[in-house]
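The next block holds one structure in the form of structure tokens; read it before the comments.
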Protein chains: 2
Amino acid sequence: MVAARRDMALRKIRPSGGPEDFERWQQRKSSLTRESILDAAVDSLVESGYAGLSTNDVARRAGVSRGAMHHHFPNRIALVRGMIEHVFYRRMRHFLDDFVAQLKVIDPDDETLQPHVIAVELHWHSVQSREFEAYLRLAVAARNDAELAEAFDPAARRYDEVWLEEMDHAFPQWRSAPELMRLASDVTQALQLGLLINGSTIGEERVRAIQDELVGVVKRLAEAAKR
Amino acid sequence: MVAARRDMALRKIRPSGGPEDFERWQQRKSSLTRESILDAAVDSLVESGYAGLSTNDVARRAGVSRGAMHHHFPNRIALVRGMIEHVFYRRMRHFLDDFVAQLKVIDPDDETLQPHVIAVELHWHSVQSREFEAYLRLAVAARNDAELAEAFDPAARRYDEVWLEEMDHAFPQWRSAPELMRLASDVTQALQLGLLINGSTIGEERVRAIQDELVGVVKRLAEAAKR
DNA sequence: CCATTTACCGGCAACCTTGTCGGTTTTCTT
DNA sequence: AAGAAAACCGACAAGGTTGCCGGTAAATGG
């Protein structure tokens, strides 16, 4: 039932028309190549950056002709729009899957492994995923591309809303002080995003010290929320 | 004399061959167009992203022929290498200029405006500059471009070294606990980098709350360093 | 003042990308 | 089984990008 609720939440940002929505073979197959194109697009995005993303390359990677590609996505921007939905959905799913899996395993009496500490760990893990890498490219490119921003910004806000609902549900103890939980979440996301980029420069040791400090901050906020 | 010391520090990362290094007109003029090309390259980078950066566009912006461009930078990667030095130098200069200017103005008795709090404010300001925007594009692109990374990573490490020396000099009170100062600096940089990217999604109010939390963290670290 | 070095110019070839479109194969419908 | 519809294919034109190179103008220095 936990999984059921998660699926319900995910539906809010899930792009309609996934393969599982169809019974008939044609639509199912169509939807399948659509997904394979989007996957290929993410790969191409991560490797070449947003400006370097070429529909040609995407078709090649997906093992699909340029014609078929055009059938599903009439032009580049349509592909990008599809990719945005795809990336946000996968990113959220990735994290939530890991999270519910971990919650089942941990010992509730272990003080060092409180749920919010777990969440910080898992978020760091999710930040290092391919989906997040794609998100990063999109977010950075959207800063100076009006056309991209037009599609990206609303999707990002929708993602944020769903995310906060999920956090609210996952941490009922914080419910008395939602602004503190939001702060903890915001700090975690911003800090780990920055860490992802700066990490290779400053080295592992310093990364770990920063992570420890972050855990400390989140713990303090959790304490403050209890009162 | 503060400025003199700053210049000395800057020299460590300053690209040699700036216009002020030459007396003869020809070399001086040459160096001037070189700089204008690099400036144009930064603009192009910020607007089009790393992959979209075209030497054509750069020449157009700089008001220079493609031939002249080729004379200064034989190919694209040479231009990029020049740009990296340029960006790091300007970024550091931007921050240090602001910092020494502010230190002159503040009231040493004002508790709310301790130097490290000022530094956090100013760093946030510097993060929103054009130079940092360029740094961001380069850092993100370098994650999946070996050729770029080869030029970018060493420059980033050199920058980090000089940065830490500068901080050590600016905050002698922290000298007893250099690892705490480094931590404060790292947290500030990572958090504000993430904030720059996420800011447009989460809105001003939450950004401010995060900044306040950051100031709190830095203050606590400063306290801890005193003992 | 003349030779040489330096800065700068603009066109060319090879390549890649995007969007478009006529035509073919596969699946669905009746 | 036959017609309709959806999925898919490959080629083409227009335009942009890169690297290269022969040639010109200006500055330097002997």
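Model, not experiment: these values are computed from the prediction. Every chain is numbered from 1, with letters handed out A, B, ... down the list of sequences.
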Selection: residues 48-65 of chain A, any non-hydrogen atom under 4.0 Å of DNA chain D: Ser65(A)
Take the protein atom CZ of Arg34(A) and the nucleotide atom P of dC8(D), then report the distance between them rounded to whole Å. 12 Å
Going by the angle between their ring planes, with limits at 30° and 60°, are Trp163(A) and Tyr159(A) parallel, tilted or perpendicular? parallel
Donor + acceptor pair across side chains of Gln211(A), Glu121(A) (<3.5 Å): no
How many whole angstroms separate atom NE2 of His72(B) from atom C1' of dC8(C)? 8 Å
Rounded distance in Å - NE2 (His70(A)) to C1' (dA6(D)): 15 Å
Stepwise, does the side-chain hydrogen bond (donor to acceptor under 3.5 Å, both in side chains) test hold for Ser44(A) with Asp57(A)? CA-CA 7 Å; Ser44(A) 183; Asp57(A) 183 45; 2.8 Å; yes
Take the angle between the ring planes of His123(B) and Phe95(B) and call it parallel below 30°, perpendicular above 60°, tilted in between. perpendicular
Main chain of Val46(A), side chain of Glu133(A): is a donor-acceptor contact present, judged purely on distance under 3.5 Å? no
Cationic tip of Arg137(A) above Tyr50(A) ring, under 6.0 Å, 45° of axis: no
Out of dT18(C), dC20(D), dC21(C), which nucleotide sits closest to the side chain of Arg66(B)? dC20(D)
Whole Å only: how far is the CD1 atom of Ile37(B) from the P atom of dA7(C)? 11 Å
In residues 75-87 of chain B, what residues come within less than 4.0 Å of DNA chain D, judged by heavy atoms? Asn75(B), Arg76(B)
Is the Tyr135(A) ring parallel, tilted or perpendicular to the Phe88(A) ring (thresholds 30°, 60°)? perpendicular
Stepwise salt bridge (charged side-chain N to carboxylate O under 4.0 Å, His left out) test for Arg158(B) and Asp153(B): CA-CA 9 Å; Arg158(B) 232 168 32 237; Asp153(B) 291 348; over 6 Å; no
Rounded to the Å, how far apart are His71(B) NE2 and dT5(C) P? 14 Å
Rounded off to whole Å, could you give me the CE-to-P distance for the Met69(B) and dC20(D) pair? 14 Å
Evaluate Arg206(A) against Asp160(B) for salt bridge (charged side-chain N to carboxylate O under 4.0 Å, His left out), listing each step before the verdict. CA-CA 12 Å; Arg206(A) 278 157 77 182; Asp160(B) 179 56; 2.9 Å; yes
Checking contacts here: which listed nucleotide (dC21(D), dC21(C), dC8(C)) is nearest the side-chain heavy atoms of Ala68(B)? dC8(C)
